[in-house]
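These notes are about the structure you will find just below.
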2 protein chains.
Amino acid sequence: MPVQKAPEVVIYRLPLYLRALALLEKEQVSTISSLGLAQRLQLTSAQVRKDLSYFGRFGKQGKGYDVKKLLNELRNILNLNRVWNMALVGVGTLGRAIVNYEGFLPNGFKIVSAFDINPDQVGKRVGNLQVEHMSNLQNSIKEKDIQIGIIAVPPARAQEVIDLLTANGIRTILNYAPASVRIRPGTVVRSIDPVLSLQSMTYYLKT
Amino acid sequence: MPVQKAPEVVIYRLPLYLRALALLEKEQVSTISSLGLAQRLQLTSAQVRKDLSYFGRFGKQGKGYDVKKLLNELRNILNLNRVWNMALVGVGTLGRAIVNYEGFLPNGFKIVSAFDINPDQVGKRVGNLQVEHMSNLQNSIKEKDIQIGIIAVPPARAQEVIDLLTANGIRTILNYAPASVRIRPGTVVRSIDPVLSLQSMTYYLKT
DNA sequence: TTATGTGAAAGGATTCACAGCC
DNA sequence: GGCTGTGAATCCTTTCACATAA
């Protein structure tokens, strides 16, 4: 089916398609054209079709795409037909906010462990988790079948936490620390830094 | 100086250079080569040089770049030599976490107003702000000289808030709502959605 | 000698445009 | 008639490689 290997940018867009389709399903829309999807996402119809074509032929000529079917295909492609367990490292202000974020669980992402180096934090409750010491990391990752790490430590600590997580088999990391980190091949990191986003926008604000 | 118009991707990378240079300055490093910068950011030296060359000739052959000087140049390019005032819309769990985020102020981004439609929220304190009703938006944007909007409302509300902000002259928006929004030309939006980031990573997790 | 700045080449991504199918 | 899937063309981005300068 995958005629060619899908480019990375396409992988970034798939979740956008997924989100749009989930909304369409909720709105009881059963079929959508590439143009319809494109308009909702501010893309072109050709791009939508080409993106999807890397993974198969999901549409029907003259009709478009079946919403439920395409949703299902995308969930399979992105490996979202399961729950992914995540470990949070760093339970400061930011870490606590992350634990309380309501968007993870409905989408199949579950924080099952929270870690900190600060002994004062260890044992305390965060959400409905009890903070564990970093020395527990290896154990918990195995016992709780954790596949994803979330980093919410001060920037100077980010690299060592990355190294520790990857040393324990974690290949997928969501980094909230405002720091550039080095990773080895096979590991995927996505960074969330609102300040970088803002700074790349003020460029256009020639007041 | 700008020999050619800088591509968009380059604008996205400038804040990364800025962050790396700020760290180097703190470490008392006075000069850095394109290779040095590249290694810190997992880029190539050619890319660093080409990126910077869109804005001027900041380096010295045989030496590299003066850290302080380049920092200053980048701050000018990105319009970061001032404080930008921001309005937060939506003071739910997420909105409150955003107000408490310590990363904004040290970087020159200041939340000066918080809005909500819920009358129960209006008047309450969030951080050291008092929640204003949406009907105050127009006034506050003018009086407090607000240039940036932050959206932290439920996804179904995101579009109307975008429209309201842009109708009141806001051209720069940081969107935390997990929704795709339509904007008119001249407006810049950056979206922060950890779930999208996670979903684009699980693609690689063929377990 | 060392490292920048930059045209030219290579590599990727997007758009075009149309044959093919429902 | 309407809309997909896809090679080909275009556009954009990155890398190469070297003349140039400190």
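The chains referred to below are lettered A, B, ... by the order of the sequence lines, with proteins before strands, and numbering in each begins at 1.
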- Item | Phosphate OP1/OP2 of D:dT6: any A:Arg57 side-chain N/O under 4.0 Å | yes
- Item | B/S/- contact track for nucleotides 13-22 of chain C, protein heavy atom under 4.0 Å | SSBBB--BBB
- Task: Consider only side-chain N and O atoms of A:Ser113 and A:Glu132, and report whether a donor and an acceptor are under 3.5 Å apart.
- Result: yes
- Qualifying residues under side chain to side chain contact (heavy atoms under 4.5 Å, CB included), relative to B:Leu35, sequence neighbours excluded: B:Ser33, B:Gln39, B:Ser45
- Quick check: does any side chain N or O of A:Lys144 sit under 3.5 Å from a backbone N or O of A:Asn85, one acting as donor and the other as acceptor? no
- Over how many whole Å does the gap from A:Lys5 atom NZ to C:dG11 atom P extend? 15 Å
- Task: Nearest whole angstrom, please: distance from the P of C:dA3 to the CG of B:Asp66.
- Result: 16 Å
- Do side-chain atoms of A:Thr166 reach the backbone of A:Asp163 as a donor and acceptor pair under 3.5 angstrom? yes
- Item | Test item: A:Asn175 side-chain N/O and A:Ala158 main-chain N/O as donor-acceptor pair under 3.5 Å | no
- Message: Base, sugar-phosphate or nothing for A:Ser34? Non-hydrogen atoms, less than 4.0 Å.
- Response: sugar-phosphate
- Query: Quick one: salt bridge (Lys or Arg N to Asp or Glu O under 4.0 Å) pairs with a partner in residues 189-203 of chain B, sequence neighbours left out?
  - Reply: A:Arg19-B:Asp193
- In whole angstrom, what separates B:Leu52's CG from D:dT14's P? 13 Å
- Query: Can you tell me if A:Asp116 uses its side chain to pair, donor with acceptor, with the backbone of A:Asn118 under 3.5 Å?
  - Reply: yes
- Task: Provide, to the nearest angstrom, the distance between the CG atom belonging to B:Leu70 and the P atom belonging to C:dT4.
- Result: 11 Å
- Note on the structure: Separation of D:dA21 atom C1' from B:Tyr65 atom OH, nearest Å, is 13 Å
- What residues 24-31 of chain A contributes to the DNA chain D interface at heavy-atom separation below 4.0 Å is none
- Note on the structure: When rounded to whole Å, the CD to C1' distance for the pair A:Gln39 and D:dC3 reads 14 Å
Kindly list each side-chain donor-acceptor pair under 3.5 angstrom involving residues 61-72 of chain B, sequence neighbours excluded, with atom names and distances?
| residue | atom | partner | partner atom | Å |
| --- | --- | --- | --- | --- |
| B:Asp66 | OD2 | B:Lys68 | N | 3.3 |
| B:Asp66 | OD2 | B:Lys69 | N | 2.9 |
| B:Lys68 | NZ | B:Glu25 | OE2 | 3.4 |

- A:Asp51: what forms a salt bridge (charged side-chain N to carboxylate O under 4.0 Å, His left out) with it, not counting sequence neighbours? A:Arg13
- Specify the separation, in whole Å, of atom CG of B:Leu35 and atom P of D:dT15. 13 Å
